[in-house]
Amino acid sequence: MIDLRALRENPDAYRDSQRKRGDSPETVDALLSADSDHRSALQSFEALRAEQKGLGKQIAKAQGEEKQALLERTKTLAEEVKAAEARVTATAAAFDAAGKALPNLVADGAPAGGEDDFVLLKEVGDTAVPEDVRDHLDLGTALGLLDTERGAKASGARFYYLTGDGALLQLAMLNLAVQQAVETGFTPVIPPVLVRPEAMEGTGFLGEHSDEVYYLERDEMYLVGTSEVPLAAYHSGENLGELSEPVRYAGWSSCFRREAGSYGKDTRGIIRVHQFDKVEMFSYCRPEDAAAEHERLLEYEERMLQKMELPYRVIDVAAGDLGTSAARKFDCEAWVPSQGRYRELTSTSNCTTFQARRLNIKYRDEHGKNAVAATLNGTLATTRWLVSILENHQRPDGSLGVPKALQPFLGKDVIEPK
RNA sequence: GGAGGAUUCGCAUAGUGGCCUAGUGCGCCCGCCUGCUAAGCGGGUUCCGGUUGAUCCCGGUCGAGGGUUCGAAUCCCUCAUCCUCCGCCA
């Protein structure tokens, strides 16, 4: 949900934002008109209600005939109040729907356009393609690290088993991510992965991405696609106080995605799967601190990628590819030699006050007034990283070099074929 | 799965149809008093929205949503959460 006062004051900013996303600016005008309808309905209801309350007080004191006369009048008034209230309910519903249809205001720096209109911010490392490169599935299967055939047998397409050193490799990476998160001031959290509708709705995942979400109808619960959801819901309805320093959490969870509409895309290996594990950073801060916090999250992501000794690039994601909640997004994409291209390994979003407004998360500003907080999130490690780790650290003899930072967790510096 | 109890301002509690414009205590904020501190005294203190230059004012808000009524914190229904107990179960 965007800031309505800001919208009323400067609708053009929101119309421009819609154009940058490649969306219709008319969504803004639909919301403005729903807002004004709602407010006028509210005003007529409030006027009638005030009259009713006033009469109620007179009735309490009145006696006999006078009381009877007043009762006559309030009966018709009660009808009018009820009708006015119904109009408020109707206009409020229309207004809510119009509000949900409008995504977050795109940040000034974000490039306009669609998926291919990103701005390249930097490239790090050497993107060589080794001779006789094997892709992560060949290598991982040969080394006994992963098993997609049995994954399909048990659960279907886009499922997999991580086995032996493959399982240990993922645990090592996730543990390293948690260790780094704790060192940089994040509170580690293992959150619930089944959430109620409000949590899903509040984080903005039931809009255009609702097809992506697993829903358990019998229990009216959703399986989360990222721990961003339970970490955002963690403080929903709360006031976080001064918030002079950002409040930071690192969630470790399994993540579930339906991958609807991606038939035929990335069907090989574990690039795009229905279930994976992830360590996710999540920050609550004052809106004026959000841009700086966003840079910080990006830096922590890069630090992890460097520990994995992976070549990568950083892109400033274009407005059309931001999703509902983000005002700006930076992705880190790591080199995947078998494909000869970069693939997304991390994504950090500044959601400004968009999620917090829906989830009713406040802080106390410098004047002591309640104000809506900002939320941000970013990836520290996921199962997909194994793709790039396997392919970039493969050796001509068929073994896999273990990145230095993972060696203490894994207890070895090379994974040999059996 | 079943039975009972609870949910009121940051915390604790009062409130069984109009006197609730929700009281009181604690905490917190401001002031007074006072060598200092504490105590004492006075005032303020739910949140959201509308309106306004700002105040004022108005409406909503007693877990959520419906209903009864001229009028609901209070009566009725549905739901959520927590607690106690019974049953089942890893």
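Computed from heavy atoms alone, side chains included, the values below leave out hydrogens, waters and symmetry copies. Order of the sequence lines sets the chain letters (A, B, ...), proteins ahead of strands, with each chain counted from 1.
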If we call it a pair only when both distances are under 3.5 Å in a Watson-Crick or G-U wobble match, what pairs with [N]?
{"N": "B/A54", "answer": "none"}
{"N": "B/G59", "answer": "B/C48"}
{"N": "B/A12", "answer": "B/U24"}
{"N": "B/G42", "answer": "B/C30"}
{"N": "B/U69", "answer": "none"}
{"N": "B/A80", "answer": "B/U7"}
{"N": "B/A90", "answer": "none"}

Using atom [atom1] in both nucleotides, what's the gap between [N] and [M] to the nearest angstrom?
{"N": "B/A39", "M": "B/G53", "atom1": "C1'", "result": "44 Å"}
{"N": "B/U46", "M": "B/A12", "atom1": "C1'", "result": "16 Å"}
{"N": "B/C9", "M": "B/G27", "atom1": "C1'", "result": "12 Å"}
{"N": "B/U78", "M": "B/G87", "atom1": "C1'", "result": "26 Å"}
{"N": "B/U55", "M": "B/G40", "atom1": "P", "result": "34 Å"}
{"N": "B/G4", "M": "B/U8", "atom1": "P", "result": "22 Å"}
{"N": "B/A80", "M": "B/C26", "atom1": "C1'", "result": "30 Å"}
{"N": "B/C19", "M": "B/G71", "atom1": "P", "result": "15 Å"}

Output the single nucleotide from [options] whose closest atom is nearest the side chain of [X].
{"X": "A/Arg39", "options": "B/C70, B/U51, B/C58", "result": "B/U51"}
{"X": "A/Leu42", "options": "B/G49, B/G59, B/C70", "result": "B/G49"}
{"X": "A/Thr74", "options": "B/G59, B/C47, B/C70", "result": "B/C70"}
{"X": "A/Glu46", "options": "B/G71, B/G49, B/U68", "result": "B/G49"}

Ring centers of A/Tyr284, A/His235 separated by less than 6.0 Å: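 Yes, they do, as the ring centres are separated by less than 6.0 Å.
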Ring centroid separation A/Tyr214 to A/Tyr222 under 6.0 Å: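 Ring-ring flag for A/Tyr214/A/Tyr222: false, centres at least 6.0 Å apart.
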Please report, rounded to the nearest Å, how far the [atom2] atom of [N] is from the [atom1] atom of [X].
{"X": "A/Asn360", "N": "B/G49", "atom1": "CG", "atom2": "P", "value": "9 Å"}
{"X": "A/Asn370", "N": "B/C28", "atom1": "CG", "atom2": "P", "value": "19 Å"}
{"X": "A/Glu51", "N": "B/G71", "atom1": "CD", "atom2": "C1'", "value": "14 Å"}
{"X": "A/Glu242", "N": "B/G10", "atom1": "CD", "atom2": "P", "value": "17 Å"}
{"X": "A/Gln52", "N": "B/U69", "atom1": "CD", "atom2": "P", "value": "13 Å"}
{"X": "A/Leu7", "N": "B/G49", "atom1": "CG", "atom2": "C1'", "value": "16 Å"}
{"X": "A/Leu240", "N": "B/C47", "atom1": "CG", "atom2": "C1'", "value": "16 Å"}
{"X": "A/Glu79", "N": "B/G71", "atom1": "CD", "atom2": "C1'", "value": "14 Å"}

[N] phosphate, OP1 or OP2, under 4.0 Å from [X] side-chain N/O:
{"X": "A/Lys362", "N": "B/C48", "result": "yes"}
{"X": "A/Gln43", "N": "B/C58", "result": "no"}
{"X": "A/Arg49", "N": "B/G50", "result": "no"}
{"X": "A/Arg196", "N": "B/A80", "result": "no"}
{"X": "A/Lys53", "N": "B/G60", "result": "yes"}

Intermediate values then yes/no, side chain to side chain contact (heavy atoms under 4.5 Å, CB included), A/Arg19 and A/Ser24: CA-CA 6 Å; A/Arg19 285 188 203 102; A/Ser24 168; over 6 Å; no
Touch class at under 4.0 angstrom, heavy-atom based, for A/Asn239 against every strand present: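 The residue A/Asn239 makes no contact with any strand.
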Sugar-phosphate only, base, or nothing, as touched by A/Arg357 at under 4.0 Å among non-hydrogen atoms: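 The residue A/Arg357 makes no contact with any strand.
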Enclosure of A/Asn10 CG (heavy-atom neighbours >12, cutoff 6.0 Å):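 Check passes, neighbour count above 12.
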A/Ser227 side chain to A/Ser253 backbone, donor-acceptor under 3.5 Å: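 Side chain of A/Ser227 to backbone of A/Ser253, a donor-acceptor pair under 3.5 Å: no, none is there.
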Donor-acceptor contact below 3.5 Å, side chain A/Asp16 vs main chain A/Ala13: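 Side chain of A/Asp16 to backbone of A/Ala13, a donor-acceptor pair under 3.5 Å: no, none is there.
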Audit row: A/Tyr312, A/Tyr342, ring-ring contact (aromatic ring centres under 6.0 Å, His included) steps and yes/no: CA-CA 7 Å; A/Tyr312 68 93; A/Tyr342 289 101; 8.5 Å; no
Most 5' of A/Ala50 and A/Lys82 on RNA chain B, judged by nearest nucleotide: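 Closest to the 5' end, via its nearest nucleotide, is A/Ala50.
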Check: A/Ser325/A/Asn104 side-chain N/O donor and acceptor closer than 3.5 Å: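 The criterion, which ignores hydrogens and geometry beyond distance, is not satisfied for A/Asn104 and A/Ser325.
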